[in-house]
2 protein chains.
Amino acid sequence: MTWLDLPADHPFGISNLPYGVFSTDGSEPRVGTRIGDHVLDLAACAEQAGMESHEVWHRASLNAFLAQGRPAWTAARAWIIDVLTNPARRDCVEPHLIPVADVKMHLPIAVADYVDFYASEHHATNVGRLFRPDTEPLTPNWKHLPIGYHGRSGTVVVSGTDIVRPSGQRKAPTDAAPTFGPSVRLDIEAELGFIVGGATELGSPVSLADSDDHIFGAVLLNDWSSRDLQAWEYVPLGPFLGKSFATTISPWVVTSEALRAARVPLPGQTDPTPLPYLQGEATADGASTAYGLDITYEVEWNGTVVAHPPYAAMYWSPAQMLTHMTVNGATLRDGDLYGSGTISGPEKGQRGSFLELSWGGKEPVTLNDGSTRSFLEDGDTVVLRATAPGADGTTISFGECVGTIRPAR
Amino acid sequence: MTWLDLPADHPFGISNLPYGVFSTDGSEPRVGTRIGDHVLDLAACAEQAGMESHEVWHRASLNAFLAQGRPAWTAARAWIIDVLTNPARRDCVEPHLIPVADVKMHLPIAVADYVDFYASEHHATNVGRLFRPDTEPLTPNWKHLPIGYHGRSGTVVVSGTDIVRPSGQRKAPTDAAPTFGPSVRLDIEAELGFIVGGATELGSPVSLADSDDHIFGAVLLNDWSSRDLQAWEYVPLGPFLGKSFATTISPWVVTSEALRAARVPLPGQTDPTPLPYLQGEATADGASTAYGLDITYEVEWNGTVVAHPPYAAMYWSPAQMLTHMTVNGATLRDGDLYGSGTISGPEKGQRGSFLELSWGGKEPVTLNDGSTRSFLEDGDTVVLRATAPGADGTTISFGECVGTIRPAR
C-alpha cells in the first residue's frame with residue numbers, strides 16, 4: 001500500500017495511476033498522475049528525483065511519452081509506484097501533490113488519427129434495425145472484421161468542453177427535399193477510446209501478439225452523433241458531419257497495465273471463426289491475445305443514470321481492432337486514438353446511445369425530474385463513468401467524461 | 001517578367017511560385033519556392049533580406065506559414081515576386097537558388113485532418129454502376145451535398161514514396177466466405193488535394209464567401225485504392241483499409257492566387273439547386289464564390305498516358321466542399337487536407353481511376369509496350385501531372401505525383 005493517507009478501496013489508488021495533462025493557475029500544462037484526490041506533478045517529481053527521462057513529462061501532451069514505447073511505460077509505472085510507496089522517496093512526492101480541485105485538465109494527447117469502430121453486436125444490430133429496417137440488421141461482413149472508419153481528430157475535445165448543437169442537412173424518407181437547420185436528433189455514443197503509442201513504419205502490420213506494445217491505455221469517449229444529419233449523408237461513404245462536430249474524451253488515461261486485472265474472455269467468435277490474423281492465441285498466463293475487458297459503465301443524463309452498458313459484452317477486442325487497422329500496412333502514430341463504438345448490452349438498460357434507449361424516439365426515456373427525452377435538448381448534460389477490477393481485488397475508476405449541449409449558433 | 005534566365009512560357013514561371021519543403025544533402029528541411037528549374041531557398045533568402053517573418057520558412061512543414069492566414073500569404077507572394085523581379089534584390093536571391101535536381105522534396109505539410117470528397121458526377125455514376133449495379137448509380141443525397149469521409153492522415157506520403165501492396169480481407173458475392181491475401185484489384189484515384197490554413201474555432205462554420213481565407217492552395221493527390229478490400233468492408237460505414245494504406249501528394253503547393261486565372265463556372269447545379277449555404281454568389285469581378293477550376297490533368301501508367309481527366313467537369317467546387325465540411329461547426333486546422341475525389345469526365349479517356357478505365361476489369365487497358373492491364377501489377381509506376389492557365393496567358397504546372405508499387409510483404 002501507499003504511505004499516502006488513502007483508503008484501501010479508493011478508485012484512484014496505487015493499482016490505477018492513470019496519466020493526464022494538467023495545469024494550475026499560471027502554469028504550463030504538463031503530465032501528472034492521479035493518486036486519491038490529488039494530482040502528482042510527475043514532471044516536477046521526476047525532475048527533483050533526477051530521473052533521466054523526466055523531460056517527456058514536461059510536455060503539454062503525452063505524445064513524447066507515448067513515443068518511448070512499452071519498456072519505458074513499464075519502467076515509468078514501476079518508478080511511480082516506488083516513489084509513492086517507498087518512504088525514502090516521500091520528500092520528492094509531497095511537495096508535488098496538488099488537490100484535484102485546484103487543477104485544470106487538458107486533452108491528454110495531441111490526437112494523430114482517430115478511428116471509430118463498431119464492435120458491439122447488440123449496438124450494430126439495434127442500429128441496423130432502426131436505420132435499415134428492410135434488411136438484415138448485421139451486414140454480411142460484420143462478424144468477419146471489426147468495421148471502422150476514420151473520424152475527425154481536430155474536434156476531439158476534453159471532458160467539460162461545451163458542445164454546440166450542429167446544424168446541417170436532413171431529409172426524412174417522407175420529405176420531398178432536404179432542409180437545413182439545427183440537428184433535432186442529437187445523441188451520444190458511450191464508448192471506450194484506446195490510446196496508441198510506439199509508432200510503426202509504413203507497410204508493417206502489427207500482430208495480435210504484438211498489439212500490447214502499442215495499446216498504451218484507455219479513456220471514456222463520447223462520440224456525439226447527429227442522427228438526422230447522419231441518416232441523410234452516410235450512404236455510400238459513411239458518417240461525416242453527423243459525427244465530426246465533436247468527440248469528447250475523459251482526461252485520465254487508464255493504462256493497459258492497470259487494466260490487466262480486467263481482462264476477460266470475449267463472449268464468443270465461433271460462428272463464424274474469424275480469419276487467422278484475428279484469432280486470439282493463448283498467452284503464457286492462459287489468457288488470450290484477443291481479450292475482452294470487464295468494465296462497468298454508466299450513462300447519466302441530467303442527473304439520472306439511464307444505462308449501464310457492459311463492456312464485457314463487446315464482440316471484437318481492443319487488440320483485434322488495432323491489428324485489423326494495421327493489417328493493410330497502415331502506420332500507427334503516437335497519439336492515435338481509436339474508439340470501440342457504442343457499448344450496448346443485450347438488455348434495454350444496457351444500451352449506450354439514446355437512439356437505442358428511446359428506440360428511434362418511439363419510447364422516450366423518463367428522467368428523475370419526471371421529464372421525458374428521446375434526444376438531447378439544449379442545456380442537457382451527459383456524464384459517462386466507468387470502473388474496472390484492478391489488481392489485488394481493488395476497483396479502479398476512469399473518472400468522468402462530461403459534456404453540456406449549447407444552442408446552435 | 002523575372003530577370004532570371006527563364007523562357008516566358010516556363011510552367012514554373014513568375015505566375016506560378018508554388019511552395020514546398022526541400023532539403024539538400026546534410027541540410028534541414030525548409031520552405032522554398034520553385035522558379036524555373038531552380039528552388040529558391042525562401043528561408044535563407046528572407047533571412048538575408050531581413051524579412052521579419054522569415055522564421056516560418058525555417059520549418060520542416062508549411063504549417064506555421066499556413067497559420068498566418070490570408071493577409072500574410074498575400075504579402076509573402078508579393079514579396080517573392082518583388083525579389084525575383086527587382087534587380088536591386090538580385091543579391092539576396094542568386095546565392096539561394098538550387099537546381100531542382102539537387103534537392104530532396106518532403107511532404108509539404110504536417111497533415112492535420114484528411115478528408116476525401118466524391119465531387120465528380122461522372123466518377124460517382126461510374127462507381128455506382130460498378131459497385132451497386134441493381135440500384136440508381138447516384139444516391140439520393142449526391143446532388144444535395146458534397147459527399148465526403150475522413151481518411152488516414154498518417155499515411156499521406158510525398159511523391160516518390162514506394163507503395164507496398166496492401167493485404168486484407170476480400171469476398172466476392174459468389175464466394176462462400178472471405179479470404180485473406182494481397183490485394184488483387186489495386187487502383188489509383190487521380191484527384192486534386194486542397195491545403196487549408198487559417199485555423200477556426202469550434203462551432204464556427206466558414207461561409208462560401210470566406211472560404212478563400214482558408215484555401216491556401218492545391219496539390220495533385222493519388223488516393224491509392226484496393227477495390228477488393230473496399231468492396232467487402234465499406235458497408236455501412238464507408239471505406240477504411242481499402243484506402244488507408246497510402247495516399248500520395250505532389251510536393252509543390254500551387255497557391256490559390258496562382259490558380260485565380262483558372263477559375264471557371266461550375267458545369268451546373270440547377271436540378272436540384274443546392275441549399276442556400278452551398279449556393280455561389282457573384283463576386284465583385286463577376287465570378288462566383290462557387291467556382292470551378294480549368295485544370296488539365298494526365299494519368300500516365302508505365303509510360304503510357306491513359307487518361308486526361310478534366311477538372312472543369314467536377315460538379316462540386318473546392319469552396320463548396322470546404323463550406324460543407326465546416327457547416328456543422330467542425331474546426332479547420334492549419335495543415336488540413338481535403339481531396340476532390342476522383343476526377344472523371346464524360347468520355348472514357350477522361351476517367352481518373354483504373355476501375356473505371358477498365359470497367360471493373362472487363363475492358364483492360366493496352367499500354368504502349370503492348371501489355372494489357374486492368375489493375376496495378378507489382379513494379380508498375382503511375383505519374384499524375386496537371387497544368388492550369390496562369391496569369392497573363394501563361395500555363396502553370398503542378399509538377400508530378402509519382403508512385404511505384406512494391407510487392408506485398
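Scope of the values below: all heavy atoms of this structure, side chains included, with no hydrogens, waters or symmetry mates. Proteins come first, then strands; the chains are lettered A, B, ... in the order of their sequence lines, and each starts at number 1. From a predicted model like this one, the values you see are computed outputs, not experimental measurements.
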Quiz prompt | Residue A:Gln279 excluded, over 12 heavy atoms near CD under 6.0 Å | solution =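 Yes, because the 6.0 Å sphere around CD of A:Gln279 holds more than 12 heavy atoms from other groups.
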Let me know if [X] has heavy atoms under 4.5 Å from chain A in its side chain, its backbone, both or neither.
X        : answer
B:Val157 : side chain
B:Phe131 : neither
B:Asn141 : both
B:Arg132 : side chain
B:Leu138 : neither
B:Thr139 : side chain
B:Pro140 : both
B:Leu275 : side chain

Taking [options] one by one, which has the highest count of heavy-atom pairs under 4.5 Å against chain A?
options                                : answer
B:Arg165, B:Lys243, B:Lys171, B:His324 : B:His324
B:Ala124, B:Gly168, B:Pro239           : B:Pro239
B:Ala112, B:Pro166, B:Gly329, B:Gly151 : B:Gly151

Quiz item: For B:Thr200, does its backbone N or O pair with a side-chain atom of B:Ser204 as donor and acceptor, under 3.5 Å?
Solution: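 Here the side-chain-to-backbone pair does not exist.
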Quiz item: Got a salt bridge between A:Glu189 and A:Arg227, using NZ or NE/NH1/NH2 to carboxylate O under 4.0 Å?
Solution: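 Salt bridge between A:Glu189 and A:Arg227, a charged N being under 4.0 Å from a carboxylate O: yes.
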Quiz item: Taking the six-membered ring for Trp, are B:Phe117 and A:Phe240 parallel (under 30°), tilted (30 to 60°) or perpendicular (over 60°)?
Solution: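 B:Phe117 vs A:Phe240 ring planes: perpendicular.
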Quiz item: Which word best sums up how the rings of B:Trp142 and B:Tyr118 line up, parallel for under 30°, tilted for 30 to 60°, or perpendicular for over 60°?
Solution: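 The arrangement is perpendicular - the two ring planes meet at more than 60°.
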Quiz item: Nearest 0.5 Å, what's the OG-CZ distance between B:Ser167 and B:Phe245?
Solution: 10.5 Å
Quiz item: Do the ring centers of A:Tyr114 and A:Tyr338 come within less than 6.0 Å of each other?
Solution: no
Quiz item: Do A:Trp232 and B:His144 make the cut of ring centroids closer than 6.0 angstrom?
Solution: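 Close enough - the centres of the two rings lie under 6.0 Å apart.
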Quiz item: Side chain, backbone, both or neither: which part of A:Arg152 has a heavy atom under 4.5 Å from chain B?
Solution: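 The answer is both parts of A:Arg152.
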